[in-house]
Asks: 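Sharing a structure, written as structure tokens. Questions coming.
Since the structure is predicted, the reported quantities are computational estimates derived from the model, not experimental observations. We count ligands from 1, going down the list as the structure has it; atoms in each ligand are counted the same way. Numbering of residues begins at 1 and proceeds along the displayed sequence.
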Amino acid sequence: MAEGMIKVATIAGSDASGGAGLEADLKTFCEYGLYGMAAVTVIATMNPDNNWSHGVFPIAEDVLRSQMETIFKGVGVSACKTGMLGTEYAVELAEEYIKKYNVENYVLDPVMVCKGAGEALNPELNLAVQKKLLPLAKIVTPNLFEASQMAGCEEPTTVEQMKIVAKILVEKGAKAVFLKGGNKLANCKETGLAIDVYCDAERCEEVETSLVNTFWTHGAGCTTAAAITSGLAQGLSAYQAVLLAKEFIRQSLADSFPLNKWVGPGNPSNWRKEKAIFKNNNYVLL
Ligand code: PXL
């Protein structure tokens with residue numbers, strides 16, 4: 001029996017291709033040994049006959065509310081995250097339930113772009129997310145583009161600029177920021193490092209691992225935020241959860257692979273593979 005099973009939830013879109021969105025979140029929760037639930041906000045599909053262009057289909061408000069009741073009232077969570085919300089009412093429902101059920105371990109992944117398509121959600125929605133959800137989050141996990149949108153500045157191009165933008169977000173009310181995207185900085189191939197930035201009221205630090213040089217990074221943002229959510233649910237501080245999540249995503253990307261010519265995800269289960277192997281008709285724990 002696993003009566004003490006830790007329960008976590010994602011309020012996010014479904015990615016029909018399976019690499020990002022709630023599919024990535026649930027895989028990640030599972031790798032951390034947690035029980036994951038999902039409230040589906042939108043369904044994202046990709047068109048193989050039109051260059052993998054994205055379609056986004058919102059789930060009706062009453063259906064989303066029913067899912068929130070099931071999860072937050074019917075079960076309860078130790079932590080939750082939001083990903084692609086897609087509609088104003090999804091933002092409002094997330095705010096309502098996180099407040100009503102006092103979810104302190106809340107991770108805001110302010111999804112504005114789908115990597116596959118470079119599709120930005122509408123600006124009013126991004127403003128609603130900032131106004132209503134940012135103050136509730138224990139940590140927000142923007143990429144370079146999302147951070148610049150939220151801070152109202154140019155996209156950072158150096159680690160020093162990343163720190164400045166992260167500090168602006170803390171000044172704007174974020175309790176903690178994990179600004180991802182060190183793998184996009186011009187010099188990362190030379191240094192061989194993927195440097196992200198963690199910032200809260202007390203510290204502003206680089207968080208680095210070795211760079212995994214892969215084109216197949218679909219879902220990396222979702223996976224990172226889900227890993228941080230899992231760490232928080234297990235009692236880690238935001239900073240500790242970020243350090244563990246950074247290693248989790250490095251391992252996931254180290255085992256990334258193409259789905260087709262357009263897109264490819266990491267493999268969250270690489271975490272497990274490095275911990276146990278199958279040998280002589282049985283598995284051996286490493
Ligand atoms: O990676 C951003 C993202 C988040 N959520 C959903 C997505 C995507 C990108 O494809 O489909 C549902």
Side-chain angles (χ1 to χ4, degrees), residues 8-29 36-48 50-60 63-64 67 80-87 89-91 93-94 106-122 125-126 128-129 133 137 140-150 155 178-181 183-184 194 196 212 214-229 245 248-249 252-253 256-268:
V8 290
T10 180
I11 306 164
S14 163
D15 168 8
S17 76
L22 69 86
E23 286 80 1
D25 295 340
L26 292 177
K27 289 170 199 173
T28 303
F29 296 154
M37 294 171 279
V40 193
T41 53
V42 299
I43 298 176
T45 60
M46 299 84 202
N47 187 346
N50 186 22
N51 239 358
W52 211 240
S53 62
H54 285 45
V56 177
F57 303 92
I59 300 299
V63 182
L64 183 53
Q67 298 178 77
C80 79
K81 63 157 281 199
T82 54
M84 186 186 284
L85 292 166
T87 62
Y89 59 77
V91 176
L93 280 169
Y106 161 50
V107 178
L108 167 59
D109 185 14
V111 178
M112 295 180 194
V113 191
C114 261
K115 225 174 243 137
E119 222 175 77
L121 298 178
N122 67 59
L125 197 62
N126 298 337
V129 167
L133 298 181
V140 58
T141 63
N143 59 26
L144 298 176
F145 172 77
E146 290 153 355
S148 66
Q149 293 285 306
M150 293 172 84
E155 256 188 65
F178 184 49
L179 175 44
K180 308 161 297 181
N183 60 319
K184 295 233 166 58
D196 299 325
V212 180
T214 174
F215 182 70
W216 310 117
T217 60
H218 181 57
C222 306
T223 302
T224 302
I228 295 171
T229 309
F248 187 90
I249 193 65
S252 176
L253 291 174
S256 60
F257 57 99
L259 293 178
N260 52 36
K261 65 180 177 185
W262 296 286
V263 74
N267 179 7

Asks: Has Gly219 got any heavy atom lying under 4.0 angstrom from an atom of ligand 1?
Replies: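 No, Gly219 has no heavy atom closer than 4.0 Å to ligand 1.
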Asks: At a 4.0 Å threshold, what atoms of ligand 1 neighbour a non-hydrogen atom of Ala44?
Replies: 11 (O)
Asks: Between the side chains of Asp15 and Ser17, does any donor sit under 3.5 Å from an acceptor?
Replies: yes
Asks: Considering the heavy atoms of Cys222, write down every atom of ligand 1 situated less than 4.0 Å from one of them.
Replies: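 Ligand 1 atoms under the 4.0 Å threshold to Cys222: 1 (O), 4 (C).
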Asks: Can Tyr106 and Thr82 be counted as having a side-chain donor-acceptor contact under 3.5 angstrom?
Replies: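 Yes, a side-chain donor-acceptor pair sits under 3.5 Å.
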Asks: As an exercise, identify every atom of ligand 1 less than 4.0 angstrom from a heavy atom of His218.
Replies: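 Near His218, meaning under 4.0 Å from one of its heavy atoms, ligand 1 has 9 (C), 10 (O).
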Asks: May I ask you to list the atoms of ligand 1 that are less than 4.0 angstrom from any heavy atom of Gly21?
Replies: 5 (N), 6 (C), 12 (C)
Asks: Within a strict 4.5 Å, meaning less than it, do heavy atoms of the Ile228 and Thr141 side chains meet?
Replies: yes
Asks: Starting at CG of Leu144, measure out to CD of Glu155 and round the result to the nearest 0.5 Å.
Replies: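 Between atom CG of Leu144 and atom CD of Glu155 there are 5.5 Å.
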Asks: Will you find, in the side chains of Asp25 and Thr28, an N or O donor that is under 3.5 Å from an N or O acceptor?
Replies: no
Asks: Would you mind running through ligand 1 and noting each atom that sits below 4.0 Å from a heavy atom of Asp15?
Replies: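 Those qualifying, in numeric order: 11 (O), 12 (C).
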Asks: Identify, by atom number and element, the atoms of ligand 1 in contact range of Gly13, meaning under 4.0 Å from any of its heavy atoms.
Replies: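 Once the distances to Gly13 are compared, the set is 12 (C).
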Asks: Nearest 0.5 angstrom please: Asp196 CG to Asn183 CG, how far?
Replies: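 Going from the CG atom of Asp196 to the CG atom of Asn183 covers 7.0 Å.
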